[in-house]
Amino acid sequence: MSIKKLFKFTAPAAVLSIMPAIAQAANLESDDFVGISFWLISMALVAATAFFFLETQRVEAKWKTSLVVSGLVTLVAAVHYFYMRDVWIATGDTPTVYRYIDWLITVPLLMIEFYLILRAITNVSGGVFWRLTIGTLVMLIGGYLGEAGYMNVTLGFVIGMVGWAYILYEIFAGEAGKIAAEKASPAVASAYSTMRWIVTIGWAIYPLGYFFGYMAGGADMESLNIIYNLADVLNKIAFGVIIWNVAVSQSEASK
Ligand SMILES: *C/C=C(C)/C=C/C=C(C)/C=C/C1=C(C)CCCC1(C)C
């Protein structure tokens, strides 16, 4: 499918999906900083989506999918942010279920990015893709069962940590890490390495939030939500910008 056609199908859906949220958003209080952070980040995610989709026009064919996936991550997150903001404004509750649904879609897409940038430079086995997907599912299902009260909080945390450790192993020392070390050009290797550190340090914010929020006596929900929101700026928007940067520079280098 051409990019133009993709736009034709996704743009109306994106607009329709945010309409109900726009209609209900009138009662954001001027001192509700968590609500304001939800609002700001929703807007940043919308802008990032438009940017990543439009920039697909500018890069070589083999980089287009990576940019489309970055745009899908920010699009899916933007829509969830509208709903999360409404839950927060209406009830002051933490919108856990929306967060996890968002993560369940966007985290596998972020993992696919590792596979795609390696695929743009060399042959990569499907095993990389599957191992990253399995690690993601274990991490998120463990976390959800613990956070939503279906499982002991500590056990859910431990299962989640095992999934994350498995992802880190794959991108540092597993097949993906080896391919990046042996085959990538300097620009791709440097993007890969930054992405990998985001998955290590940027992602660590979520288990820390879980730990302080549910295990170490319980943090207040305002801080927890602001922290998760800022983490998403780094892990979704900045992550996409790194991919955009390598895609543009590599496309220009090969002209
Ligand atoms: C855009 C959203 C992202 C990148 C979300 C990432 C979420 C995590 C890395 C969550 C990790 C967790 C653990 C490592 C332990 C258990 C609890 C979780 C699910 C918060």
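The first residue of the sequence shown is numbered 1, and numbering continues consecutively from there. Atoms within a ligand are numbered from 1 in the order they appear, just like the ligands themselves. These figures come from a predicted structure and were not determined experimentally.
Between R119 and Y115, the side chains place a donor N or O and an acceptor N or O closer than 3.5 Å (distance only, hydrogens not considered). A side-chain N or O of N225 and one of T94 form a donor-acceptor pair less than 3.5 Å apart. In the model, Y81 has no side-chain atom that pairs as donor or acceptor with a side-chain atom of D102 under 3.5 Å.
Residue-level proximity to ligand 1 for M139 is carried by backbone and side chain together, each with a heavy atom below 4.0 angstrom. For L110, every heavy-atom contact with ligand 1 shorter than 4.0 Å involves the side chain, none the backbone. Proximity of M161 to ligand 1, defined as any heavy-atom pair under 4.0 Å, is shared by backbone and side chain alike. Contact annotation: for I159 versus ligand 1, there are no heavy atoms closer than 4.0 Å. Of the heavy atoms in V73, none comes closer than 4.0 Å to ligand 1.
When the side chains of ILVMFWY residues are joined at heavy-atom separations under 4.5 Å, either directly or via intervening members, Y210 and I201 end up in a single hydrophobic cluster.
Under a cutoff of 6.0 Å and an axis angle of 45°, R131 and Y166 do not form a cation-pi pair.
The nearest heavy-atom contact from the protein to atom 16 (C) of ligand 1 is G160 CA, 3.8 Å. Looking only at heavy atoms of the protein, atom 2 (C) of ligand 1 is closest to K236 NZ, 2.5 Å.
Closest to atom 17 (C) of ligand 1 by heavy atom, among W203, Y210, Y206, is Y210. Counting heavy atoms only, P207 comes closest to atom 13 (C) of ligand 1 of the residues G213, P207, G209, G143.
Judged by the shortest distance from any of its heavy atoms, Y100 lies inside the 4.0 Å radius around the atoms of ligand 1.
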